[in-house]
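One structure is given below, encoded as structure tokens.
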Amino acid sequence: MTATRVLVLNSGSSSVKYQLLDMRDSSRLAMGLVERIGEETSRLKHTPLTDGGASRERTEPIADHEAALQAVAEELAKDGLGLDSPELAAIGHRVVHGGQSFTRPTVIDNAVLAEIERLIPVAPLHNPANLTGIRTARALRPDLPQVAVFDTAFHTTMPESAARYAIDVETADAHRIRRYGFHGTSHAYVSRATAELLGRDPSEVNVIVLHLGNGASASAVEGGRCVDTSMGLTPLEGLVMGTRSGDMDPAVIFHLMRVGGMSTDEIDTLLNKKSGLIGLCGDNDMREIRRRIDEGDERAKLAFDIYIHRLKKYIGAYYAVLGRVDAVAFTAGVGENAAPVREAAVAGLEGLGLAVDGDLNAVRGDAPRLISPAGARVAVAVVPTDEELEIAAQTYALVGKNI
Ligand code: AMP
């Protein structure tokens with residue numbers, strides 16, 4: 001029997017998201033989420049996707065990641081998809097930070113684990129949780145290939161001129177301060193899918209990808225290679241996001257410390273969790289913001305305008321970085337669903353060859369689609385992202401040939 005299944009694990013500090021895919025046809029066999037690990041109120045939601053099976057929920061204390069993965073294995077086994085199946089080819093792990101060390105998906109061994117651990121200082125929130133997930137999965141199936149797919153890898157092709165901050169080089173290097181970028185799996189998938197939508201080879205097309213979810217980032221992709229992206233050392237830089245400020249004068253931080261008397265942790269929380277759309281108007285869900293705007297709410301309108309202003313600046317900046325743009329692709333929760341955001345982001349950019357057709361923009365759906373008018377110089381597209389499929393595909397490409 002050929003092993004064609006890949007389990008994709010995205011381990012957070014108190015959660016594990018998973019999907020099981022069959023790479024013969026990239027179909028999804030099951031998906032689920034374990035939340036509030038380590039609390040009394042842990043919850044596992046499992047959805048089998050074969051034969052239209054109904055979701056199942058377990059609410060019971062799940063002490064740690066080991067117990068979480070054990071519970072996931074039990075639920076998968078109930079559907080005949082157990083982790084002991086010879087059809088399971090590999091486990092693919094989302095790893096947030098690969099620094100400069102990992103430029104591509106990598107089969108995990110002890111040296112790889114040690115390197116991901118060494119990168120914890122640049123990703124203190126994410127890499128420890130990702131490591132716990134990897135260690136737990138390895139303990140469960142030590143014989144199975146496990147692959148790390150890094151959020152930063154796609155951006156490692158950025159030239160030094162885009163990757164470096166203009167600060168003292170020795171200080172930057174001593175602390176590994178540079179622009180790494182995130183959401184790389186999504187930018188890779190969407191830029192390639194956009195080329196496919198245009199019927200062209202990715203190596204021929206230049207694409208600006210706008211990943212607009214609760215976290216948001218833009219990237220400039222030249223012939224399939226990332227040449228700039230909006231997130232930096234951490235995901236705080238760049239676009240206005242659901243709860244993050246994105247770009248601002250770094251001196252705001254000194255001011256908050258000196259004049260506002262705030263601590264480093266307080267400022268960290270302010271900028272990462274209480275800024276962006278939620279800081280500006282009290283809501284971070286674009287649906288709610290649009291509803292409030294329709295009711296004449298001025299604060300919601302201002303938040304929307306600030307969000308769009310920043311987005312437009314990045315479109316212009318990446319247009320200049322690329323020189324020639326073939327397509328602008330919108331993706332993730334806001335990019336895929338919020339037609340008013342897409343319309344406003346390209347409004348007035350006709351001089352750059354960018355426009356949106358009102359009727360096409362209003363169409364909803366799961367498939368990649370063009371929303372620019374026929375014959376437009378630059379294609380504007382909605383391209384739903386699929387990070388799990390991309391992780392599974394990269395994992396399978398690496399291990400499938402050895403099976
Ligand atoms: P993500 O992080 O990609 O899951 O995106 C989540 C965000 O997408 C939410 O916070 C909303 O702002 C946005 N979103 C989801 N569905 C819609 C929708 N139908 N219309 C507008 N925004 C949406």
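Counting starts at 1 for both ligands and their atoms, in listed order.
- Checked by distance only, ligand 1 and N214 come closer than 3.5 Å through their nitrogen or oxygen atoms.
- Look at M241 and you'll find every heavy atom at least 4.0 Å from all atoms of ligand 1.
- Of the protein's non-hydrogen atoms, N337 CB, 3.2 Å is the one closest to atom 18 (C) of ligand 1.
- A salt bridge links E75 to R58: one of the charged nitrogens lies within less than 4.0 Å of a carboxylate oxygen.
- Taking distance alone, with nitrogen or oxygen atoms compared against 3.5 Å, G333 approaches ligand 1 more closely than that limit.
- By heavy-atom distance, the residue among M286, R290, E288 lying nearest atom 12 (O) of ligand 1 is M286.
- Residue G213 has at least one heavy-atom neighbour below 4.0 Å for each of these atoms of ligand 1: 1 (P), 2 (O), 3 (O), 5 (O).
- Contact record, E115 with S101: OE2-OG, 2.6 Å, taken as the closest heavy-atom pair.
- For the pair T229 and Y318, the tightest heavy-atom approach, listed with the atom from each and the gap, is C-OH, 3.0 Å.
- Of the protein's heavy atoms, D285 OD1, 3.5 Å lies nearest to atom 11 (C) of ligand 1.
- A pairwise comparison of heavy atoms in V147 and I108 identifies C-CD1, 3.7 Å as the closest pair.
- Between E160 and R178 there is a salt bridge, with a side-chain nitrogen of the basic residue lying less than 4.0 Å from a carboxylate oxygen of the acidic one.
- The ligand atoms of ligand 1 that sit less than 4.0 angstrom from a heavy atom of A338 are 21 (C).
- Less than 4.0 angstrom separates atom 4 (O) of ligand 1 from none of the non-hydrogen atoms of the protein.
- Taking the charged nitrogens against the carboxylate oxygens, K301 and D305 do have a contact shorter than 4.0 Å, which makes a salt bridge.
- When heavy-atom distances to ligand 1 are checked against a 4.0 Å cut-off, H183 has no atom that comes that close, whether in backbone or side chain.
- Put simply, OG on S217 and CD on E237 are 11.0 Å apart, with the number rounded to the nearest 0.5 Å.
- Minimum interatomic distance between P105 and Q394 (heavy atoms only, all atoms of both residues): CG-OE1, 3.0 Å.
- R287 CG, 3.5 Å is the protein heavy atom nearest to atom 21 (C) of ligand 1.
- Near N284, meaning under 4.0 Å from one of its heavy atoms, ligand 1 places the atoms 10 (O), 12 (O).
- In summary, the atoms of ligand 1 found under 4.0 Å from a heavy atom of V334, numbered by their order in the structure, are 8 (O), 12 (O), 13 (C).
- Ligand 1 places these atoms under 4.0 Å from at least one heavy atom of R364: 19 (N).
- Of the options L88, L83, D84, a side chain to side chain contact (heavy atoms under 4.5 Å, CB included) to L76 is made by L83 and by none of the others.
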